[in-house]
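The chains referred to below are lettered A, B, ... by the order of the sequence lines, with proteins before strands, and numbering in each begins at 1.
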2 protein chains.
Amino acid sequence: MAVAVQRIENSDLPTRCRDCSSRRDGFCAGLAPAELLRLHPYVVRKRLPAGEEVLSQGVLNTSYVHVLDGTVKLTAALPDGTEQIVGLRFPGDFLGQRFAPDVGFTAETATDVEYCRVSKAALDALADSNTTVAHQMHQWVATELQESREMMLTLTQRDARQRVAGLLYRIGHRQTPCATRTRIELPLSRGEMASYLGLTIETISRQLSALKRDGLIAIEHKTQVTIFDMGKLATAAAMTV
Amino acid sequence: MAVAVQRIENSDLPTRCRDCSSRRDGFCAGLAPAELLRLHPYVVRKRLPAGEEVLSQGVLNTSYVHVLDGTVKLTAALPDGTEQIVGLRFPGDFLGQRFAPDVGFTAETATDVEYCRVSKAALDALADSNTTVAHQMHQWVATELQESREMMLTLTQRDARQRVAGLLYRIGHRQTPCATRTRIELPLSRGEMASYLGLTIETISRQLSALKRDGLIAIEHKTQVTIFDMGKLATAAAMTV
DNA sequence: CGAAGAATTGATTTACATCAATTGCTGTGG
DNA sequence: CCACAGCAATTGATGTAAATCAATTCTTCG
């Protein structure tokens, strides 16, 4: 508990942490330099291209993943062999369950992704000795639950147009939090968007065309989406209140 | 940490805990007798009729609720004034979020309900000093997340018949875990089932009639449902992996 | 260039919603 | 005890959003 830390220089941090955004305002901001150093041997920083598995459903749950750059999709393998997207993870997000014996959902890079993989045993040990860390991990699950319940409401209440607009809004919000007008790079194919929103590829395509026709967005090269007005998009998504 | 407890008699427990099922195999099984005694002044045991609010969305989050008997529905108030059911809680389940400043969802009794209301401050304090309790609470959120993600899959993948069959199956499973043939008391009206499953009252009614016609269930007095074969119902619900 | 895959667009079908009527309970008052 | 609100549930008729089926068009890449 009593980690006497004061005036520790940046240079006392592990090299890779020095310029990391997570150190400034993400998960690692909650860690003392000494703790980062203690964790250091159990962390690997990686970069993967799109379409690679980061964590695989069903295997022994031995690591956490902290997303630094790019988009990761969480997928559930369905009995019929297809996969269903159940969540998206962006920079700053955290993957892994503390109290699950094995991995519940496959995590797969949707774009090029940079991340830190942390040994579960090491971070769990740290959480055992540092309640702040334990709380942070607990709180993260609560955040995921909240998100998942919002998705439930989306699926029961919103029509196709609202779902697509809402997804674009959320991606825009994560990629450029403060802009009213923004250009985003879609991390998902039409099929992936369809899977996530419980719709079909054709419906996604039609709704994107409709949003384009209505002057809310522009699309270039399939994946470059310009959002002209985040507020109007939020209205189209019925995200108000 | 070092709570020296040995050979504590049942009579050392708070009176209300002595015959409580939660003490045997629920949340309170994880607590030492001394801890139960410590919590005792901050707990009230209550019994409410159907249709009462147990926790109210938006108010300051000051208590946890531990369901002992009956069914509680979690509802989200929608902007248009209607309410959407986002979850059901049965005996043994837990309500309340450790790290949320206010209550996220209204919890309302769907049937007569017996429960213990615990001061949040007191249980949080206990969790701070007893990691087992903290873990249990963390784990509970993880369980809720799991359930919520399964609901997402239901809403994206399953049709009306599968949803209704699945709900009956789950209620049957909670009320009588080991039976193949069972009779359940529906804790929800048709409208509530519709809200939970993202369907309409009429569709629920038609699907119940269809399941009856197909010989999977029988219904008396609207709410008494006999399930002839849980296995067949699970098949109808496509719950099989 | 041509093949293969992804996305768009159009035509048709369908599951569920919506609208509408009827039935069946439950409680209240004459 | 019956009459009749008042409400939930059922059942039927019709409408509609999205799925499905079916061509194109656009992209990428060997």
Side-chain angles (χ1 to χ4, degrees), chain A residues 49-51 73 78 80 82-85 110-111 154-168 185-214 216-225 236-238, chain B residues 49-51 73 78 80 82-85 110-111 154-168 184-214 217-225 236-238:
Chain A
K73 52 182 182 163
L78 297 174
D80 64 2
T82 62
E83 64 178 28
Q84 155 86 23
I85 298 187
T111 62
T154 292
L155 295 172
T156 52
Q157 306 292 137
R158 299 217 240 273
D159 66 18
R161 180 190 173 91
Q162 294 171 330
R163 294 184 203 185
V164 173
L167 179 57
L168 294 181
E185 167 73 26
L186 275 188
L188 301 178
S189 70
R190 303 296 188 261
E192 289 167 332
M193 294 173 71
S195 160
Y196 186 42
L197 298 176
L199 300 167
T200 59
I201 293 179
E202 294 93 324
T203 299
I204 299 290
S205 183
R206 278 184 247 272
Q207 294 303 332
L208 286 172
S209 300
L211 291 170
K212 197 163 56 175
R213 180 163 14 85
D214 297 347
L216 286 164
I217 61 171
I219 305 178
E220 286 116 36
H221 310 298
K222 313 284 185 202
T223 62
Q224 303 287 329
V225 176
Chain B
K73 51 180 182 165
L78 297 174
D80 65 2
T82 61
E83 64 178 28
Q84 155 85 25
I85 299 188
T111 61
T154 291
L155 294 172
T156 52
Q157 305 291 139
R158 298 215 241 272
D159 66 17
R161 163 182 256 257
Q162 294 171 329
R163 294 184 202 185
V164 173
L167 179 57
L168 294 181
I184 60 180
E185 168 73 27
L186 276 188
L188 301 178
S189 69
R190 302 294 188 264
E192 289 167 331
M193 294 173 71
S195 160
Y196 186 42
L197 298 176
L199 300 167
T200 58
I201 292 179
E202 294 93 325
T203 299
I204 299 291
S205 183
R206 277 185 246 273
Q207 294 303 331
L208 286 173
S209 300
L211 291 171
K212 198 162 56 175
R213 180 166 12 86
D214 297 347
I217 60 171
I219 305 178
E220 287 117 37
H221 311 299
K222 313 286 184 199
T223 61
Q224 302 288 329
V225 177

In whole angstrom, give the distance that lies between atom [atom1] of [X] and atom [atom2] of [N].
X	N	atom1	atom2	result
A:Leu155	D:dA18	CG	C1'	14 Å
A:Ile201	C:dG10	CD1	P	18 Å
A:Leu186	C:dA6	CG	C1'	14 Å
B:Ile204	C:dT18	CD1	C1'	15 Å
B:Glu220	C:dG24	CD	P	16 Å
A:Leu197	D:dA17	CG	C1'	16 Å
B:Leu208	D:dA9	CG	P	10 Å
A:Ile219	C:dT9	CD1	C1'	14 Å

Between [atom1] on residue [X] and [atom2] on residue [Y], distance to nearest 0.5 Å:
X	Y	atom1	atom2	value
A:Ile219	A:Leu168	CD1	CG	7.5 Å
A:Lys73	A:Gln84	NZ	CD	11.5 Å
A:Glu192	A:Ile201	CD	CD1	10.0 Å

Earlier contact from the 5' end, DNA chain D, for B:Arg206 and A:Ala160: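 That would be B:Arg206.
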Heavy-atom nearest nucleotide on DNA chain D for A:Arg158 versus A:His221: which residue maps closer to 5'?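 Counting from the 5' end, the first nearest nucleotide belongs to A:Arg158.
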Using a heavy-atom cut-off of 4.0 Å across all strands, would you classify B:Leu199 as base, sugar-phosphate, or nothing?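 Here B:Leu199 touches the backbone only, sparing every base.
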Examine [N]: is either OP1 or OP2 under 4.0 Å from a nitrogen or oxygen in the side chain of [X]? Give yes or no.
X	N	answer
A:Thr203	D:dA17	no
B:Thr200	C:dT18	no
A:Arg190	C:dT8	yes

Nearest to the side chain of A:Lys222 - D:dT10, C:dC16, C:dA7?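 Looking only at side-chain atoms, A:Lys222 lies closest to C:dA7.
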Ignoring hydrogens and angles, answer whether the base of D:dC21 and the side-chain atoms of A:Glu202 contain a donor-acceptor pair closer than 3.5 Å.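 Per atom types, the contact qualifies.
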Using modelled atom types only, decide if a donor and an acceptor are shared between the side chain of A:Arg190 and the backbone of A:Ile204 within a distance under 3.5 Å.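 No, because the side chain of A:Arg190 does not come within donor-acceptor range (under 3.5 Å) of the backbone of A:Ile204.
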I'd like to know if the side chain of A:Thr111 reaches the main chain of A:Pro187, judged simply by a donor and an acceptor atom lying under 3.5 Å from each other, with no hydrogens or angles considered.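 Checked: no pair found.
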